[in-house]
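Quick notes on the structure that follows.
Keep in mind that this is a model prediction, so the values were computed, not measured. In the text below, chain A, chain B and the rest are named by the order of the sequence lines, each starting its count at 1.
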Amino acid sequence: MDTITIIGEKCIIFIILQSRYLVITEKPSSARKIAHALDDSSSPRKGKYGKVSFYVAEHKGDELVIVSAVGHLYTIEQKKGGWSYPVYDIEWVPTYESNKKLSYTKQYLDAIIGLANKIDGYVSACDYDQEGSLIAYNIIKHGIGDQALTKARRMLYSTLTSKELVSAWEHITPSLDYSVVSAGKTRHETDWLFGINLSRALTLAARRFLDFKKVLSIGRVQGPALKFVYDLEQSIQSFIPTPYWKVYAETEIEGETYSLDYEKQTLKREIHARDVARECRGKKGKVNDIDEQSKNIAPPSPFNLGDLQNDAYKHFKMSPSDTLKAAEKLYLGAYISYPRTESNKIPKEINVKEILEELSKNRKYEEESKLLLGRKRFIPKQGKGEDPAHPAIHPTGQRPRQLKKEEKNIYDLIVKRFMASLGEDLIQVDTTISIEVKGHTFYLRGILTQKTGWTQFYGEYHKLKDQRIPKIEIGQIVPITSLSTRRRYTRPSSRFNPSSLVRKMEQEDIGTKATRSNIIDTLYQRGYVKSNKIKITELGEVTIETLQTFCPDIIKVEFTRILEKELKKIEENQKDPDKVFSEAMEELKSILEDFKKNEEQIGRSISNTILGKRSLDGGESCKVCNRDKLEDSVFCQKHTDVYNRVEDEFQQWRYALGYQWVEYLEKLNKLSGTGGYVKEVIKFILR
DNA sequence: GCAAGGTC
Ligand SMILES: [Zn+2]
């Protein structure tokens with residue numbers, strides 16, 4: 001609101017000018033909250049533009065028209081040409097034009113453009129992150145026009161509480177955050193150009209020798225995600241088990257049997273195991289120490305999306321993308337807060353007490369929420385995860401209606417986790433009783449819960465595992481009533497499942513909370529991986545191996561790290577976005593030239609893998625697979641490496657069991673933990 | 001038809 005003062009000769013006239021602002025949010029729920037927070041009477045007028053809701057709020061004499069986007073309303077497309085590569089000429093176009101499945105976005109864009117009428121200023125009120133800055137910029141620039149950009153400002157907030165929103169409005173920036181916008185644009189364009197060009201290059205190479213209907217794809221996030229699966233599969237296929245021995249012992253005290261742990265969890269030689277058995281079996285031991293340690297286990301923090309996806313897989317075997325879908329439904333029904341969050345924190349502005357009061361009206365949660373309400377303070381445990389725009393996932397208190405089974409499960413998990421995060425520490429006492437038998441030590445361990453703390457709110461999602469212990473004193477003599485030793489073999493790492501692969505992507509910091517599970521779905525759709533215990537397919541394998549030669553960067557996590565560093569420089573005005581972009585394009589250009597030059601060879605190796613054919617280019621292949629044989633070996637690189645390790649590991653087996661070479665190979669061949677490549681090599685040696 | 005990122 002501007003006050004213009006005109007001082008005439010004899011009088012002073014104040015003219016108060018009301019300004020009209022168009023406020024653009026990222027999603028409908030933020031528009032509603034901002035409108036209610038900023039309207040002086042907390043009751044903004046609600047209007048409809050076609051089917052799209054918008055709000056008109058009066059704020060300190062100004063009029064705010066608040067309308068929302070639905071995420072990105074603009075996307076990248078190639079300007080001209082067909083399905084070929086290289087392609088460098090791109091432009092930003094409305095999303096609904098480029099993707100029919102997203103045609104619903106048209107009504108939102110139409111609404112924003114239609115409402116951009118007699119507006120004094122534009123306000124970008126999208127989420128407080130790079131994508132948010134770009135979403136509003138694209139709409140204003142391409143939808144409303146360049147002249148609107150000069151009147152555009154940015155409103156920044158991290159929680160959608162009235163207090164923060166009012167303050168955000170007061171601290172609105174004088175112009176858009178152009179450096180953040182540039183970083184966002186560069187990210188989109190680099191990803192598009194690398195992703196689309198390399199995907200087409202792979203697909204077209206595969207089609208050279210195959211009637212191949214499918215498309216192949218690769219990208220900055222897909223690449224490393226597939227590489228994780230590939231690497232794990234290599235280690236499983238190359239795994240050679242090692243024998244070890246384990247001691248199982250029991251004692252009996254006052255008629256009750258207790259199992260004992262031997263001092264060493266594993267023994268490396270059979271004779272060591274025999275020694276323990278001979279010296280301790282049937283003997284008596286003396287209690288020489290009783291150690292009691294009380295431990296406090298803090299409550300879990302409320303969920304971020306990754307945690308929720310992980311727990312939903314654990315408890316309901318739901319895939320991460322199904323969990324996201326269910327959580328989205330709950331969010332759109334206003335039963336839970338925004339689910340696409342990386343945060344494990346609930347800021348103090350959120351009224352936890354009020355949420356508990358609402359939850360207590362639901363009989364299912366009445367008892368627990370009333371217990372929590374009996375307290376003086378309502379501070380959820382704060383976790384590590386941070387998010388610039390959204391708090392941790394929590395119930396709103398609003399009672400859900402007509403949920404599907406999966407949504408019901410997810411809702412219950414979220415509510416109980418939220419309540420658990422408000423609980424007190426779980427207190428347990430760990431007891432370790434040391435029993436000495438002829439110089440060998442055995443441990444009798446017990447766990448006793450003293451205070452259930454937060455676990456009483458987490459219900460079936462956390463089971464207490466108490467282990468009782470006998471009444472016993474130092475110096476007491478106890479019998480070893482049973483003792484056996486068993487030979488075991490080490491096992492390879494287990495494969496990823498959709499949830500642990502999301503976790504891995506989180507740990508490696510690739511993709512975002514909203515995209516990780518979808519990208520894993522893409523790997524399945526492409527035929528790169530299969531089954532719930534994720535196994536790479538031959539197609540996935542040949543894709544990784546091709547890229548390892550021709551574009552190793554796209555399957556490396558470091559590619560993302562480098563890009564992030566460059567984007568940060570753009571954000572901080574330390575580097576010209578054009579320079580970052582042209583450097584990336586220089587790299588891409590040389591990769592694509594190289595790819596094109598070798599397209600025939602690449603196509604042949606893809607088709608050979610798929611058809612299970614040996615290579616036809618004259619070179620000899622490995623005795624047990626299609627790959628090229630090394631000069632000084634009968635195997636390819638992979639099988640040669642495996643052969644060398646089979647030789648190395650033999651020493652360990654001879655030491656542990658006194659096995660001879662052939663005996664060793666035959667045993668390995670029978671064990672389930674032995675990797676496929678290992679068995680291929682062994683079968684060849686034993687042929 | 002191909003990316004990764006938003007969100008319905
Ligand atoms: Zn081989």
Side-chain angles (χ1 to χ4, degrees), chain A residues 24-31 51-53 68-78 81-87 90 92 95-96 98-109 126-139 183-207 212-226 305 324-325 327-333 338-341 389-390 505 510-523 525-526 543 554 559-560 563-564 567 588:
Chain A
I24 301 166
T25 69
E26 186 157 325
K27 46 186 170 284
S29 65
S30 336
K51 285 180 185 167
V52 173
S53 296
S68 93
V70 271
H72 279 291
L73 298 184
Y74 284 83
T75 191
I76 298 170
E77 251 197 0
Q78 79 184 80
W83 217 85
S84 60
Y85 76 97
V87 44
I90 55 173
W92 287 85
T95 304
Y96 70 81
S98 106
N99 186 343
K100 273 187 187 147
K101 280 185 202 146
L102 302 176
S103 58
Y104 73 90
T105 60
K106 183 174 192 300
Q107 49 191 337
Y108 287 86
L109 186 57
C126 292
D127 289 356
Y128 191 175
D129 52 32
Q130 186 181 284
E131 297 298 328
S133 294
L134 183 60
I135 288 169
Y137 166 86
N138 276 337
I139 295 167
K185 260 180 77 180
T186 307
R187 206 279 304 147
H188 274 260
E189 291 169 1
T190 309
D191 274 342
W192 194 95
L193 288 159
F194 271 82
I196 299 294
N197 277 297
L198 286 166
S199 297
R200 287 180 184 178
L202 281 172
T203 309
L204 295 173
R207 286 178 186 176
F212 194 70
K213 298 276 189 303
K214 290 196 301 190
V215 289
L216 299 182
S217 71
I218 204 69
R220 177 176 55 80
V221 183
Q222 274 181 48
L226 183 57
L305 180 60
L324 176 55
K325 272 177 216 149
E328 264 166 10
K329 272 275 171 61
L330 294 168
Y331 157 71
L332 290 172
Y338 187 73
R340 295 182 205 95
T341 175
H390 305 96
M505 292 168 79
I510 55 166
T512 72
K513 64 257 171 182
T515 59
R516 287 179 191 120
S517 55
N518 293 333
I519 286 171
I520 293 171
D521 284 358
T522 302
L523 297 181
Q525 282 158 21
R526 298 280 175 265
T543 302
I554 201 77
F559 189 49
T560 295
L563 181 62
E564 280 167 348
L567 297 179
L588 179 61

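- In this structure, the CD1 atom of A/Ile90 is 14 Å from the C1' atom of B/dC2, given to the nearest Å.
- Regarding A/Met505, its CE atom lies at a distance of 13 Å from the P atom of B/dA3, rounded to whole Å.
- In this structure, A/Gln222 reaches the B/dA4 phosphate: one of its side-chain N or O atoms is under 4.0 Å from OP1 or OP2.
- Comparing atom distances between the A/Ile135 side chain and each of B/dG5, B/dG6, B/dC2 picks out B/dG6 as nearest.
- The A/Lys27 side chain lies nearest to B/dT7 when the options are B/dC2, B/dT7, B/dG6.
- One can place CG of A/Leu102 at 9 Å from C1' of B/dT7, the figure rounded to the nearest angstrom.
- Under 4.0 Å is where a charged nitrogen must lie from a carboxylate oxygen, and between A/Glu564 and A/Arg187 no such pair does.
- Using a 4.0 Å heavy-atom cutoff across all strands shown, A/Ile218 reaches sugar-phosphate atoms only and no base atom.
- Residue A/Gly511 is classed as a sugar-phosphate contact, given heavy-atom separations below 4.0 Å to backbone atoms only.
- Of the candidate nucleotides B/dC2, B/dT7, B/dA3, B/dA3 has the atom lying nearest to any side-chain atom of A/Trp192.
- Backbone-only contact: A/Tyr331 has heavy atoms under 4.0 Å from sugar-phosphate atoms and none from a base.
- Across all strands, A/Val221 comes closer than 4.0 Å only to sugar-phosphate atoms, never to a base (heavy-atom distances).
- As judged by a 4.0 angstrom heavy-atom cut-off over every strand, A/Thr75 is placed among the base-contacting residues.
- Under 4.0 angstrom from either OP1 or OP2 of B/dA3 there lies at least one side-chain N or O belonging to A/Arg526.
- Taking atom CG of A/Asn138 as the reference point, atom P of B/dA4 lies 19 Å away to the nearest angstrom.
- The phosphate of B/dG6 (OP1 or OP2) has a side-chain N or O of A/Thr512 nearer than 4.0 angstrom.
- For the pair A/Trp92 CH2 and B/dA4 C1', the interatomic distance rounds to 10 Å; values are reported in whole Å.
- Note that the OH atom of A/Tyr108 and the CG atom of A/Leu73 stand 10.0 Å from one another [nearest 0.5 Å].
- Considering all non-hydrogen atoms of both residues, A/Val87 and A/Leu193 come closest at O-CD2, 3.2 Å.
- Following rounding to the nearest Å, A/Ile519 (CD1) and B/dG5 (C1') show an atom-to-atom distance of 9 Å.
- Within the 4.0 angstrom heavy-atom criterion, only backbone atoms of the sugar-phosphate kind lie near A/Asp127; the bases stay farther away.
- Across all strands shown, A/Gln130 has no heavy atoms under 4.0 Å from either base or sugar-phosphate atoms.
- Between A/Gly223 and A/Ile218 the shortest heavy-atom distance is CA-CD1, 3.7 Å.
- As judged by a 4.0 angstrom heavy-atom cut-off over every strand, A/Arg340 is placed among the base-contacting residues.
- Residue-to-nucleotide proximity on DNA chain B shows that, of A/Leu73 and A/Lys214, the 5′-proximal contact is made by A/Lys214.
- Stacking of A/Lys27 on the aromatic ring of A/Tyr331 is not recorded, the 6.0 Å distance cut-off and the 45° axial limit not both being met.
- Heavy atoms of A/Tyr338 sit under 4.0 angstrom from primed sugar atoms or phosphate atoms, though from no base atom.
- The 5' end of DNA chain B is approached more closely, in terms of each residue's nearest nucleotide, by A/His188 than by the other of A/His188 and A/Glu328.
- Counting any heavy atom pair closer than 4.0 Å across all strands shown, A/Thr515 reaches a base atom.
- A donor-acceptor pair under 3.5 Å is absent between the side-chain atoms of A/Thr560 and the main chain of A/Ile510, judged by distance alone.
- In terms of polar N and O atoms assigned as donor or acceptor, the side chain of A/Trp83 comes within less than 3.5 Å of the base of B/dC2 in a complementary pairing.
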